[in-house]
Amino acid sequence: MNKIDLKSLEIDELKKVFINLGEKEFRGKQTFGWIHEKCINDIDKITVLSKPLKQKLNENYKITNLKIVKRYDSKIDGTKKYLFSLEDGNIIESVMMKHRHGVTVCLSTQVGCRMGCSFCASTKEGLVRNLEPSEILEQFYSIQKDINEKISNIVLMGSGEPLDNYKNVLTFLKLIHDENGQNLSYRNITLSTCGVVPKIYELADEGIPVNLSISLHSPFDDERKKIMPISNKYSIEEILEACKYYIDKTKRRITFEYTLIDGVNDSEEYAIEITKLLKGMLSHVNLIPLNTIKEFKHTKSLDKSIEKFKNILEKRGVNTTIRREMGSDINAACGQLRRDYIN
């Protein structure tokens with residue numbers, strides 16, 4: 001029999017577990033705190049519970065624990081890349097980055113990915129499975145323990161499409177935000193999607209105002225289809241309409257991620273078209289120098305081309321930043337280390 005994972009249960013669900021065991025419901029709140037604030041990974045180490053109660057819990061329940069297989073430390077900027085082993089032997093990866101505003105972790109939401117973006121290493125073996133809420137959480141908890149420092153920001157930009165694992169990601173967001181656990185503000189969480197339009201509308205209606213980041217990478221549908229198969233299902237116009245709905249519901253600014261590929265999407269024409277698309281929208285563009293992989297024949301744009309592209313956007317009223325390359329000496333782009341390790 002598969003044991004139920006206590007770490008994936010919201011606080012009211014935990015209370016019901018204890019009520020069903022003939023215990024007071026406050027035990028659920030206590031246990032939630034031990035799992036999500038103290039980050040305890042073993043039922044037997046929850047000292048506020050009696051030994052007989054822990055024995056009863058151990059019969060049908062567990063607390064998920066990930067193992068750090070390997071940690072890579074950048075000598076350039078202190079970025080750390082983690083490879084985690086899941087209980088079924090699958091491998092996922094996460095990244096820890098230090099910024100002036102605090103510590104940020106980039107977390108995976110799936111083992112692999114089925115979105116098929118041509119320049120992304122995460123998707124080359126396809127989707128293996130979704131991560132459980134506990135497995136997404138445990139990346140955060142393990143890294144926080146490892147660095148012995150409070151993590152202030154989360155980006156769901158690791159392996160996987162978060163909106164393709166909607167239910168589990170939603171539970172993760174509620175758990176990491178709960179005041180009885182890490183109490184992390186939704187405003188400190190960014191969810192990145194390639195544009196799963198129906199789920200953007202659903203997320204907007206949840207009342208969970210996380211920051212939404214859209215992987216755009218081309219302002220032209222025909223060109224976007226060549227590098228992002230999701231474009232065959234949802235047009236840029238449909239994505240932008242969903243974004244406007246999200247902004248209206250959450251009052252949060254949308255970030256459009258744009259990977260610059262030399263000779264593919266970095267010309268003046270593309271920059272001007274982006275400004276037309278985003279005119280009047282509460283948005284911001286984050287330009288990303290391409291991380292090359294062997295399956296994608298193109299290279300990143302020249303530095304001068306990136307700066308020129310940025311200048312065009314800014315002169316036409318679009319807030320623009322260039323993502324600082326971090327961990328370049330440890331293959332910190334999502335999916336690269338996992339593939340190297342497996343191979």
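One is the number of the first residue; the rest follow in order along the sequence.
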(request) Indicate whether any N or O donor in one side chain lies under 3.5 Å from an N or O acceptor in the other, for Thr321 and Asn286. (result) yes
(request) Over all heavy atoms of both residues, which pair between Cys117 and Pro229 is shortest? Give the atoms and the distance, please. (result) N-CD, 4.0 Å
(request) For Glu138 and Asn41, test the side chains for any donor-to-acceptor distance below 3.5 angstrom and give the result as yes or no. (result) yes
(message) Checking Asn58 against Asp44: is there a side-chain donor and acceptor pair closer than 3.5 Å?
(response) yes
(message) Is it true that, when you exclude Lys54 itself, more than 12 heavy atoms of the residues, nucleotides or ligands shown sit nearer than 6.0 Å to its NZ?
(response) yes
(message) We want to know whether Glu257 and Ser215 form a side-chain donor-acceptor pair, criterion being a heavy-atom distance below 3.5 angstrom.
(response) no
(message) To check you understand the geometry: which heavy-atom pair defines the closest contact between Thr109 and Val169, and what is its length?
(response) CG2-CG2, 3.9 Å
(message) Checking Ser8 against Ser134: is there a side-chain donor and acceptor pair closer than 3.5 Å?
(response) yes
(request) Without swapping roles, check the side chain of Ser305 against the backbone of Ser301 for a donor-acceptor pair under 3.5 Å. (result) no
(message) Please tell me whether Asp164 and Gln110 have a donor and an acceptor in their side chains that are separated by less than 3.5 angstrom.
(response) yes
(message) For a quick check under 3.5 Å, do Ser218 and Glu223 share a side-chain donor-acceptor pair by atom type?
(response) no
(request) Look only at the side chain of Asp221 and the backbone of Ile236, and say whether a donor-acceptor pair between them is shorter than 3.5 Å. (result) yes
(request) Would you check if there is a donor-acceptor pair between the side chains of Gln182 and Lys150 at a distance under 3.5 Å? (result) yes
(message) Pairing donors with acceptors under 3.5 angstrom, does anything connect the side chains of Tyr82 and Asp146?
(response) yes
(message) Testing the basics here: between Leu173 and Tyr186, what is the closest heavy-atom pair and its distance to 0.1 Å?
(response) O-CE2, 3.5 Å
(request) May I ask you to check whether Tyr270 and Phe220 place their ring centres under 6.0 Å from each other? (result) yes
(message) For the residue pair Tyr72 / Glu93, report whether a side-chain donor-acceptor contact shorter than 3.5 Å exists.
(response) no
(request) Would you confirm whether the ring centroid of Phe309 sits within less than 6.0 angstrom of the ring centroid of Tyr258? (result) yes
(request) Determine, for Asp5 against Lys3, whether the closest basic-nitrogen to carboxylate-oxygen distance falls under 4.0 angstrom. (result) no
